[in-house]
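Everything on this sheet refers to the single structure shown next.
Residue numbers begin at 1 in each chain, while the letters A, B, ... track the order of the sequences.
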There are 2 protein chains.
Amino acid sequence: MSEPAEISPLTLSRLPLYLRCLRQLQEKGTTHVSSSQLAQQFELSASLIRKDLAQFGEFGIRGTGYRVDELVDRLNGLLGLDRIHKMAVVGMGSLGSALARYLSVNDRPFKIVAAFDVDGGRVGSKLGHLIVHHSREIPEVIPETGARIAVLAVPASAAQKCYEDLTDSGIEAVLNFAPIRLKRNPAVRTKSVDFQIYLEELAYFLRS
Amino acid sequence: MSEPAEISPLTLSRLPLYLRCLRQLQEKGTTHVSSSQLAQQFELSASLIRKDLAQFGEFGIRGTGYRVDELVDRLNGLLGLDRIHKMAVVGMGSLGSALARYLSVNDRPFKIVAAFDVDGGRVGSKLGHLIVHHSREIPEVIPETGARIAVLAVPASAAQKCYEDLTDSGIEAVLNFAPIRLKRNPAVRTKSVDFQIYLEELAYFLRS
DNA sequence: ACCCGCTTGTGAACCATGTCACAAGCGTCT
DNA sequence: AGACGCTTGTGACATGGTTCACAAGCGGGT
Ligand SMILES: NC(=O)c1ccc[n+]([C@@H]2O[C@H](COP(=O)([O-])OP(=O)(O)OC[C@H]3O[C@@H](n4cnc5c(N)ncnc54)[C@H](O)[C@@H]3O)[C@@H](O)[C@H]2O)c1
Ligand SMILES: NC(=O)c1ccc[n+]([C@@H]2O[C@H](COP(=O)([O-])OP(=O)(O)OC[C@H]3O[C@@H](n4cnc5c(N)ncnc54)[C@H](O)[C@@H]3O)[C@@H](O)[C@H]2O)c1
């Protein structure tokens with residue numbers, strides 16, 4: 001079976017997970033792993049793993065399982081993690097700063113190349129060797145730096161405006177942390193991470 | 001139709017979303033809204049909204065739509081947001097501190113009652129009027145404070161251990177931010193928010 | 001009082017996703 | 001070389017979720 005035109009979103013959401021598990025095995029020195037071993041160890045379903053992986057060609061070995069290194073490389077390639085992704089962070093408050101710091105440390109394939117805020121106290125300050133720009137400079141700075149992914153960490157009230165500025169200046173994917181339902185630009189991959197909603201979801205189970 | 005024994009997880013994940021949209025309308029002074037208005041305004045599906053809501057009894061008005069206030073109250077009740085939820089935060093690094101600060105401001109139904117870390121520099125420091133405890137005190141402090149939800153913001157290497165300490169001391173729901181696949185306690189509602197994975201998912205669309 | 005336009009609630013059709021079961025295939029051991 | 005044990009890849013099935021289409025029902029206007 002060769003490359004499908006489109007990966008199902010649910011399959012896609014599991015690939016990074018598999019990758020993480022495999023990296024963990026890799027560090028332990030495991031060279032081969034079967035779908036059922038993976039499943040047991042990480043509470044996944046063996047047949048689902050096989051089905052997910054089989055979409056991209058046969059690279060398991062019957063009777064043996066998968067070669068960990070090869071699978072990691074293959075998934076890295078599939079997900080586009082085999083090259084640097086330049087990112088911008090908008091909103092350098094407590095969350096934005098935490099994210100920026102986090103990405104400077106764990107930056108395997110992701111690299112922050114621009115940061116924005118509007119607060120006089122933050123604009124101009126340095127983030128490592130990076131300067132925090134004023135948000136109004138988004139239209140110029142984004143193309144200059146070549147950032148394609150943006151992280152939105154501004155207050156909800158500013159999020160829609162910032163989102164539009166970002167997508168207008170060529171950003172292709174946005175990870176939004178503001179607790180708001182964005183009016184999306186269909187040409188831009190947009191994902192929202194909504195802490196408040198996760199908590200509310202958990203709260204449901206505690207009604208007792 | 002009366003209360004179902006169990007809400008489907010996908011329906012559940014949309015209820016907080018509806019709630020958010022409705023609160024927004026409420027602030028604007030809108031008193032009534034139809035499923036199709038909601039759908040258009042927030043890019044949802046009208047029939048899905050109706051189906052989700054109809055599970056909890058008929059409280060729409062045919063020909064008119066839903067009363068915003070009533071729907072908000074009803075969803076608040078359903079999700080258990082009509083009372084205070086006491087929470088603990090474990091790991092007061094940059095993310096934990098941001099979350100704690102965030103929750104102190106936006107604490108409609110969620111209230112932080114305990115904070116933990118292991119770092120000598122942070123243990124004993126104050127978070128508002130709260131003292132940061134050492135993690136080894138989890139077993140005593142959690143029951144004392146009555147926290148039922150925990151937010152895990154420790155490094156991946158410490159996450160499994162902390163998770164187990166928390167669940168052993170009576171925590172009933174955990175929101176985990178560490179980039180690791182936890183071995184779950186089936187009695188505890190566990191949700192992971194994995195920034196890294198979201199980014200990797202977005203990266204896929206930028207392979208071009 | 002009745003009609004009419006609108007919207008809900010809901011069965012049925014449709015679609016996606018996950019599970020199961022097994023044939024096909026690899027490697028090893030005799 | 002042949003048989004055996006194990007694991008993949010995959011069609012058939014089951015499950016669950018979403019969309020569709022429409023009857024039932026409300027409210028306002030005449
Ligand atoms: N802090 C958290 O733990 C947390 C958790 C979940 C979600 N969030 C959400 O993330 C967002 C940021 O949270 P935070 O705690 O960092 O808030 P914060 O107030 O600390 O930071 C917000 C930052 O955005 C800046 N800003 C405002 N308007 C801007 C604009 N137009 N362009 C660029 N920057 C702008 C502000 O100057 C400030 O520095 C909020 O929407 C919040 O709801 C935060
Ligand atoms: N910072 C971010 O933006 C971000 C984003 C996504 C995920 N995360 C994840 O969240 C976690 C925390 O990130 P961070 O940036 O705040 O890291 P951090 O290093 O700033 O903070 C971690 C904190 O946990 C404390 N800690 C360590 N072991 C502990 C234990 N056993 N009990 C209690 N506390 C303990 C440390 O003392 C430290 O204060 C990490 O797993 C990280 O991967 C962080």
Side-chain angles (χ1 to χ4, degrees), chain A residues 1-18 21-22 25 30-75 78 201 204, chain B residues 1-18 21-22 25 30-72 74-75 78 181 201 204:
Chain A
M1 201 103 320
S2 71
E3 313 284 314
E6 206 139 356
I7 300 184
S8 116
L10 287 173
T11 297
L12 175 58
S13 72
R14 283 186 297 266
L15 296 184
L17 210 97
Y18 299 155
C21 297
L22 289 163
L25 292 178
T30 312
T31 60
H32 293 259
V33 71
S34 73
S35 60
S36 55
Q37 284 174 317
L38 265 176
Q40 275 202 297
Q41 213 165 335
F42 298 102
E43 303 190 348
L44 303 164
S45 143
S47 56
L48 194 48
I49 293 174
R50 290 203 299 277
K51 207 154 228 181
D52 282 341
L53 296 181
Q55 287 178 51
F56 313 108
E58 309 193 1
F59 45 84
I61 305 158
R62 301 186 184 207
T64 307
Y66 299 88
R67 288 208 305 122
V68 176
D69 286 345
E70 185 191 343
L71 197 43
V72 166
D73 286 351
R74 197 77 173 72
L75 288 178
L78 257 168
E201 226 174 306
Y204 167 76
Chain B
M1 198 106 318
S2 71
E3 313 283 315
E6 205 139 355
I7 301 183
S8 113
L10 286 173
T11 296
L12 175 57
S13 72
R14 284 186 297 264
L15 296 183
L17 210 97
Y18 300 155
C21 298
L22 290 163
L25 292 178
T30 312
T31 60
H32 293 259
V33 71
S34 74
S35 59
S36 54
Q37 284 174 319
L38 266 176
Q40 276 203 295
Q41 213 164 335
F42 300 101
E43 304 190 348
L44 303 164
S45 142
S47 56
L48 195 48
I49 293 174
R50 290 204 299 277
K51 201 144 236 185
D52 282 340
L53 296 181
Q55 288 178 51
F56 313 109
E58 309 193 359
F59 45 83
I61 305 159
R62 300 184 184 208
T64 308
Y66 299 88
R67 288 208 307 122
V68 176
D69 286 345
E70 185 190 341
L71 197 43
V72 166
R74 197 78 173 71
L75 289 178
L78 257 168
R181 190 152 179 92
E201 228 174 304
Y204 166 77

Whole-Å distance between [N] [atom2] and [X] [atom1]?
X: B/Glu70; N: C/dT8; atom1: CD; atom2: P; answer: 13 Å
X: B/Glu58; N: C/dT10; atom1: CD; atom2: C1'; answer: 10 Å
X: B/Ile49; N: D/dC20; atom1: CD1; atom2: C1'; answer: 16 Å
X: B/Leu71; N: C/dT7; atom1: CG; atom2: P; answer: 16 Å
X: A/Leu48; N: C/dA21; atom1: CG; atom2: P; answer: 16 Å
X: B/Phe59; N: C/dT10; atom1: CZ; atom2: P; answer: 12 Å
X: B/Gln55; N: D/dG16; atom1: CD; atom2: P; answer: 14 Å
X: A/Leu12; N: C/dT17; atom1: CG; atom2: P; answer: 11 Å

Consider the side chain of B/Tyr66, meaning its heavy atoms from C-beta on, and name the nucleotide among D/dT19, D/dG9, C/dT8 that approaches it most closely.
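Taking heavy atoms from C-beta onward, the closest nucleotide is C/dT8.
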
Taking the side chain of A/Arg50 as heavy atoms from C-beta outward, which of C/dA21, C/dT10, C/dG18 is closest to it?
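Comparing C/dA21, C/dT10, C/dG18 against the side chain of A/Arg50, the answer is C/dA21.
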
Would you mind reporting whether [Y] and [X] have side-chain heavy atoms less than 4.5 Å apart?
X: B/Arg14; Y: B/Leu44; answer: no
X: A/Asp52; Y: A/Leu10; answer: no
X: A/Gln37; Y: A/Leu25; answer: no
X: B/Leu53; Y: B/Tyr18; answer: yes

Find every protein N or O atom lying less than 3.5 Å from an N or O atom of nucleotides 26-30 of chain D, and list the pairs.
| residue | atom | partner | partner atom | Å |
| --- | --- | --- | --- | --- |
| D/dC26 | O4' | B/Arg62 | O | 3.4 |

Residues two or more places apart in sequence or in another chain: which of them pass side-chain hydrogen bond (donor to acceptor under 3.5 Å, both in side chains) with [X]?
X: A/Thr30; result: none
X: B/Thr64; result: none
X: A/Asp73; result: none

Spacing of CG belonging to B/Leu17 relative to CG belonging to B/Leu38, to within rounding of 0.5 Å:
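Going from CG on B/Leu17 over to CG on B/Leu38, the span is 10.0 Å.
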
Interatomic distance, B/Thr11 atom OG1 to B/Glu6 atom CD [nearest 0.5 angstrom]
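The distance works out to 11.5 Å.
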
Among residues 34-46 of chain A, which contact DNA chain C at a heavy-atom distance under 4.0 Å?
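By residue number: A/Ser45.
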
Taking all non-hydrogen atoms of both residues, which atom of A/Ala39 and which atom of A/Ala46 are closest, and how far apart?
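For A/Ala39 and A/Ala46, the tightest heavy-atom pair comes out as CB-N, 3.5 Å.
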
Could you report the tightest heavy-atom contact between A/Phe56 and A/Arg74, atom names first, then the distance?
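Looking at all heavy atoms of both residues, the closest pair is O-NH2, 2.8 Å.
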
Please determine if a side-chain N or O atom of B/Arg14 lies less than 4.0 Å away from the OP1 or OP2 oxygen of D/dT18.
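B/Arg14 to D/dT18 OP1/OP2: side-chain N or O found under 4.0 Å.
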
Which pairs, protein N/O on one side and nucleotides 12-16 of chain C N/O on the other, fall under 3.5 Å?
| residue | atom | partner | partner atom | Å |
| --- | --- | --- | --- | --- |
| C/dA12 | N6 | B/Lys51 | NZ | 3.1 |

